[in-house]
Amino acid sequence: SVTEDLIRRNAEHNECVIFSLEELSLHQQEIERLEHIDKWCRDLKILYLQNNLIAKIENVSKLKKLEYLNLALNNIERIENLEGCEWLTKLDLTVNFIGELSSIKTLTHNIHLRELFLVGNPCADFDGYREFVVVTLQQLKWLDGKEIERSERIQALQNYAAVEQQIREQEKAYCLRRAKEKEEAQRKLEEENESEDKKKSSPGFDGDCYTDIHADCPSAMENKDHLQVPETQEQQHSTKKSDEIEDDLAFWNKPSLFTPESRLETLRHMEKQRKAQDKLSEKKKSETTPDFDYRRWEGPECE
């Protein structure tokens, strides 16, 4: 989430003072929810939030001076809550998951908006997409990096009734598809949690449960030819590592839709792998650190 410490660390150019910040960059911070910024940084003019996991545009309505908002590469599905950004001039929503194209109507209140980027969103593939945006947002001068000519706007106005109906139908089909995707993602998550719970409840899951056959069977040495020698800790660790590698390969090789849920799933998997690697590194470090030899610090023997 967005914390005061995170903002201060990214406000070094302003001597870590956040209340008077005019530009803030919080890209690639794995932020999932947009919050607090409109309370702490009221003077912002430029806000970079690209390449995060933000699912909803919220808590920015008090940024009256905001001119440029970059939310590219996030998990946003509709445009909303920007009416209060009175001086918004440029809005970048490249590569999100906006399928509700009619939500751009909320931007009609942003009378200073000149540039809008929606390329890479599902709605950008709709038939009539550009015509619909050009007519709906009369204040726009540029859409997806291409200038809107006066002749283009006039032509779009002539066909608007048919285009609007076309957009509604495509939105409806998209919403039905998204509902199924969400349902499938929820079912999959429940199955994975159930599988993980079963694995954790299995004997020896943590690799610390071993059976000492020599203690249980006094005649073990006599029957050693008929007994299976238990794996050493090193062998068990190797087997566990092999299983983890197989699981990782299976994760990256399985087919996956490009959805907000799949982006979150990928992040969770990468975070899990990182924590496992950190834990392994710490374990190796503790095993290779030699015990302190106090004898080396004893003074010379008295004569």
Side-chain angles (χ1 to χ4, degrees), residues 22-34 37-38 44-61 63-153 155-156 160 163-164 166-167 170-171 174 178 258-260 262-263:
E22 291 189 354
E23 181 175 333
L24 178 61
S25 180
L26 295 175
H27 62 284
Q28 291 183 305
Q29 296 290 335
E30 298 179 0
I31 297 169
E32 294 186 33
R33 187 178 178 191
L34 191 51
I37 296 175
D38 61 339
L44 276 181
K45 292 183 178 180
I46 301 173
L47 179 56
Y48 297 102
L49 288 163
Q50 67 268 32
N51 207 357
N52 282 293
L53 295 159
I54 298 167
K56 184 178 181 180
I57 303 174
E58 58 185 342
N59 300 318
V60 291
S61 59
L63 301 177
K64 305 295 183 183
K65 300 178 183 179
L66 190 65
E67 298 175 7
Y68 176 30
L69 176 59
N70 192 328
L71 281 163
L73 292 160
N74 275 281
N75 287 352
I76 295 164
E77 298 197 57
R78 73 186 311 271
I79 301 170
E80 58 189 335
N81 302 322
L82 289 170
E83 296 88 343
C85 303
E86 297 172 2
W87 286 96
L88 188 64
T89 305
K90 183 178 180 179
L91 176 60
D92 193 340
L93 291 165
T94 302
V95 190
N96 273 275
F97 297 91
I98 298 169
E100 193 178 333
L101 184 57
S102 58
S103 65
I104 66 166
K105 291 180 180 180
T106 62
L107 295 174
T108 56
H109 302 282
N110 303 94
I111 59 174
H112 298 288
L113 187 64
R114 296 293 178 265
E115 293 184 70
L116 176 63
F117 290 87
L118 288 171
V119 64
N121 284 274
C123 66
D125 294 328
F126 289 178
D127 292 332
Y129 151 74
R130 187 173 174 89
E131 293 92 330
F132 182 81
V133 177
V134 165
V135 174
T136 305
L137 302 177
Q138 296 280 322
Q139 73 273 38
L140 272 190
K141 299 297 182 185
W142 295 80
L143 175 59
D144 296 332
K146 183 181 177 182
E147 188 176 3
I148 301 170
E149 301 288 347
R150 184 170 178 271
S151 57
E152 180 184 8
R153 182 163 275 132
Q155 187 175 353
Y160 183 69
V163 167
E164 186 179 28
Q166 199 175 24
I167 293 297
Q170 291 173 95
E171 272 187 345
Y174 177 79
R178 273 297 292 140
F258 184 61
T259 63
S262 67
R263 282 199 74 206

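Note: hydrogens, waters and symmetry copies are ignored here, and every other heavy atom, side chains too, is used. Counting from 1, the numbers follow the sequence of the chain as shown.
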Item to complete: Would you list the pairs meeting side chain to side chain donor-acceptor pair (under 3.5 Å) in which at least one residue belongs to residues 45-61, sequence neighbours left out?
Response: Arg33-Glu58

Worksheet item: Which pairs pass side chain to side chain donor-acceptor pair (under 3.5 Å) with one or both residues in residues 64-76, sequence neighbours excluded?
Response: Asp43-Lys65, Tyr68-Asn70, Asn75-Arg263

If you measure from [atom1] on [X] to [atom2] on [Y], what distance do you get to the nearest 0.5 Å?
| X | Y | atom1 | atom2 | value |
| --- | --- | --- | --- | --- |
| Leu26 | Leu47 | CG | CG | 6.5 Å |
| Leu69 | Leu82 | CG | CG | 6.5 Å |
| Ile104 | Thr106 | CD1 | OG1 | 8.5 Å |
| Asn96 | Ile57 | CG | CD1 | 7.5 Å |

Worksheet entry | All side chain to side chain contact (heavy atoms under 4.5 Å, CB included) counterparts of Arg130, not counting sequence neighbours | Val134, Leu143, Lys146, Ile148, Glu152

Practice prompt. Mind checking side chain to side chain contact (heavy atoms under 4.5 Å, CB included) for Ile111 and listing every partner two or more places apart, or none if nothing turns up?
Written response: none

Fill in: ring-ring contact (aromatic ring centres under 6.0 Å, His included) pairs, two or more places apart, involving residues 102-127
Trp87-His112

Is [X] reaching over with its side chain to a backbone N or O of [Y], donor-acceptor style, under 3.5 angstrom?
| X | Y | answer |
| --- | --- | --- |
| Glu100 | Glu77 | no |
| Glu131 | Val163 | no |
| Asp92 | Ala72 | no |
| Asp144 | Leu118 | yes |
| Gln139 | Leu107 | yes |

Worksheet item: Considering residues at least two apart in sequence or located in another chain, which fulfil the ring pair (Phe, Tyr, Trp, His ring centres under 6.0 Å) criterion with His27?
Response: none

Worksheet item: Salt bridge or not for Lys105 and Glu164, using N-O below 4.0 Å?
Response: yes

